[in-house]
Amino acid sequence: MSNTATAIGMEEALKKLGLKEINNGTSTGSEHFGSGDTIASYSPVDGALIGKVTTTSPEDYKMVMDAATAAFKKWRSIPAPQRGEIVRQFGDKLRELKEPLGKLVSYEMGKSYQEGLGEVQEMIDICDFAVGLSRQLHGLTMHSERPGHRMYEQYHPLGVVGIISAFNFPVAVWAWNTALAWVCGDVCVWKPSEKTPLCGVACQNIIAEVLQKNHLPEGISCLINGDYKVGELMTNDKRIPLVSATGSIRMGKIVAQAVAARLGKSLLELGGNNAIIVTPDADIKMTVIGAVFGAVGTAGQRCTSTRRLIIHESIYDQVKNAVTDAYQQLRIGNPLDENNHVGPLIDVDAVKMYLNALEKAEKEGGKILVEGGVLEGLEYESGCYVKPAIVEAENSFKIVQEETFAPILYLLKYSGEVENAIEQQNGVVQGLSSAIMTNNLREAERFLSASGSDCGIANVNIGTSGAEIGGAFGGEKETGGGRESGSDAWKVYMRRQTNTINYTTELPLAQGIKFDL
Ligand code: NAD
C-alpha cells in the first residue's frame, strides 16, 4: 500500500469489500474464477498499484452464460415483489458498505470522495426505486372491438441482459441497469471498464452475499472482466437479447452494429457535448457555480460535464470575467482530501488527449483564457493531474464539436434572440444534456419547446450535470437514444405481450372479416 492509500484507510476499505491482491474477475455469484490474463489496476490518485484482476477467457465466458441462462429459468418465475425484496436487501448492504465502496470508487477512478459516496448513494436510490417498481410493472387494458372479448397487455422478462460500462461511473451505471433488470425478472452479466476492474469485483462480492443468503441460484448476477474483446463475446451472443452499453460514441457505433446484425436490442448511453446557455436575464452567481462545477467536477470526465458556455454578447465579458476568476480559486489535488475541487484524469492517455485538444483549439484560432497544463511534483506523481482550462472559441471548430473527456471549457458568444443560442447548442452531433440560465419565462419555455433543445436532458437554472434517478436518463442523436434509470425506462428490460381472450362460443374475426366454413 502507498502512503496515500494508508492515510485514507484504503487497506481497511479493500478488506471490507472482500478484495485481495489478486482477484478472480469472473463470477456467476458465489463462484469466482478467471483463466484469462491479468489486469493491474493503478490508482490515478497516486499511481500506486491497488490490485490485480484476472480477465475472462472464452471458456470462462461459456460457464458464465450457462449459469446465467439456467438461473433465468428460475428467476423469471419468482414473483416480481419477491425479486424486489432481494433488491431491497442489496440496497441495505450498500448502505452498510457506502464508505468503503465510495472510497474505492474515488481511489480507483479518481473522482472526489464526496462524488464517490454520491455514486454509491445513486445505487441505493435506484434500489429503492426498483423495490417500488417491483409492484408496478403494469401494462394497459384495452376495449376489444369484438363482443365477449377482453384485451390487455403484459410485460415479461427478456432473459440475460448484458451490461457494458464506462470507467467514469464504475459502480452506479451497473446498478441503474441491474436493479431494474432484476425486478423485471432478467439476470445480468456485467463487464465493467478495464480501467476500474476492482470496483466490479467489489460490487459482485456485495450482491453474491445477498444471493447466497437467500439460497438463490448462481447466475442471477454475473461478472466478466477484460477489454473490448470480452465485450464482443456479449455483443455477438444471440443468447443476450439486450445489451446495455455505456461509453464513447465510437464504441456505441460498433456495439450497435454487432447487436443489430443479430437483431438484438441495444440500449446506448454514449458521449455528450453539453452546453449551458447564459441569457441576459441569467443570475450570474448561479451561472458561475453551475458552469464551474459542471466543467471541472470529476475533472470534466462526466458524460454530462459542461463543455460549452454559450453567452449573450451583452453580458459576455461579465460572465467571462466571473468564470475565469472562479477558476483561480480551484484547488487541484488528491480527490480524497475534501479541500480539493479537482482530482486527476483517469490515466496518462487521457492527459495526452487533453493536451492534444488544447493544441488543436489554439490551432483553430481559439484564445486561451485560463491556461491548461500538467501538474508536476510529489503530490501529482501519478502524472494524471491537469489544470482546468478555458478557451474562447467558435462552435464550428472541429475540436469544439468533439467530446474531450477532460476539464476544458469553451466560451462561445451569441447575439440577438435565444433561438440563436439554441441553434449553437443543438449544432453538435451529441444530444445528452443541456441547460439555460435565465429568469425570463418566455426564454425558458422556448428552450424547452419542440423547437428548443434537442437533448435528452434540458434544465432551467441548473447546470448540465448531476441528474436524479427518478427521471429517465439518456440522450439523443449520437448519444445513442437509450434511456435508463427512472420514469418508464424499465420497459426496455421487458418484452411486451398483447393478449386477447375470447369468452364466447363464436369466433368473430377482427375488422369484421367473414370466413365461414
Ligand atoms: P469506452 O467507449 O472506451 O469504453 C466503455 C466500455 O466499452 C468499456 O467497458 C470497454 O471495454 C467497452 N468496449 C469498448 N469497445 C468495445 C467493443 N467494440 N465491444 C464491446 N465493448 C467495448 O468509454 P470510456 O472511456 O470508458 O468512458 C467514457 C465515455 O463514456 C465518454 O464518451 C462518456 O461520455 C461516456 N459515458 C456516457 C454515459 C451516458 O450515460 N450517456 C455515462 C458514462 C459515460
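As a basis for the values below, the full set of heavy atoms in this structure was taken, side chains included, without hydrogen atoms, waters or symmetry mates. When a ligand or atom number is given, it counts from 1 through the structure's own listing order.
Listed by number with element, the atoms of ligand 1 under 4.0 Å from a non-hydrogen atom of Gly231 are 20 (C), 21 (N). Counting atoms of ligand 1 from 1 in the listed order, those under 4.0 Å from a heavy atom of Val255 are 19 (N), 20 (C). Of all atoms in ligand 1, numbered sequentially from 1 with element shown, those under 4.0 Å from a heavy atom of Gly271 are 32 (O), 34 (O). Atoms of ligand 1 lying under 4.0 Å from at least one heavy atom of Ile254, given by number and element, are 18 (N). Close approach of ligand 1 to Ser193 is summarised as follows: ligand atoms under 4.0 Å from at least one heavy atom of the residue are 9 (O). Every atom of ligand 1 is numbered from 1 in the order shown, and the set under 4.0 Å from a heavy atom of Glu232 is 18 (N), 19 (N), 20 (C).
Looking only at protein heavy atoms, the nearest one to atom 7 (O) of ligand 1 is Ile164 CG2, 3.3 Å. When hydrogens are left out, the protein atom nearest atom 5 (C) of ligand 1 is Thr246 O, 3.5 Å; that is the closest non-hydrogen contact. The protein heavy atom nearest to atom 44 (C) of ligand 1 is Asn168 OD1, 3.1 Å.
Within a 4.0 Å radius of atom 1 (P) of ligand 1, the protein contributes one or more non-hydrogen atoms.
Contacts between Met234 and ligand 1 below 4.0 angstrom, taking non-hydrogen atoms only, are absent altogether. At a 4.0 Å heavy-atom cut-off, ligand 1 touches Glu194 through the side chain alone. Only the backbone of Leu270 comes within contact range of ligand 1, with a heavy atom under 4.0 Å; no side-chain atom does.
Of the polar atoms of Trp176, none of the N or O atoms is found under 3.5 Å from an N or O of ligand 1, judged by distance alone. For Glu403, a nitrogen or oxygen atom sits less than 3.5 Å from a nitrogen or oxygen atom of ligand 1, counting backbone and side chain alike. Between Ser165 and ligand 1, an N or O atom pair is found at a separation short of 3.5 Å. The shortest N or O to N or O distance between Ile249 and ligand 1 is not below 3.5 Å.
Look at Lys360 and Glu364 and you find no salt bridge, because none of the NZ, NE, NH1 or NH2 atoms lies under 4.0 Å from a carboxylate O. A salt bridge does not link Lys52 with Asp37: every distance from a Lys NZ or Arg NE/NH1/NH2 to an Asp or Glu carboxylate oxygen is 4.0 Å or more. At a threshold of 4.0 Å, the pair Glu119-Lys98 does not count as salt-bridged, since none of the basic side-chain nitrogens sits closer than that to a carboxylate oxygen.
Side chains of Gln204 and Ser27: a donor-acceptor N/O pair is present below 3.5 angstrom, by distance only. Looking only at atom types and distance, the side chain of Thr38 has no donor-acceptor partner in the side chain of Thr54 under 3.5 Å away. In summary, the side chains of Glu484 and Ser244 do present a donor paired with an acceptor at a separation below 3.5 Å, with no hydrogens or angles considered.
Between the Arg495 side chain and the Tyr155 main chain, no donor and acceptor come within less than 3.5 Å of each other. A donor-acceptor pair is defined here as one N or O able to donate and one able to accept, closer than 3.5 Å; no such pair exists between the side chain of Thr56 and the backbone of Thr26.
The heavy atom nearest to atom 3 (O) of ligand 1, out of those in Ser248, Ala245, Gly272, is found in Ser248. Closest to atom 35 (C) of ligand 1 by heavy atom, among Gly480, Ala166, Gly247, is Gly247.
Within a 6.0 Å sphere centred on CD of Gln401, heavy atoms belonging to other residues, nucleotides or ligands number more than 12.
Both tests pass for Lys111 against the ring of Phe169: distance under 6.0 Å to the centre and angle within 45° of the axis.
Two rings, from Trp174 and Phe90, have their centers less than 6.0 Å apart.
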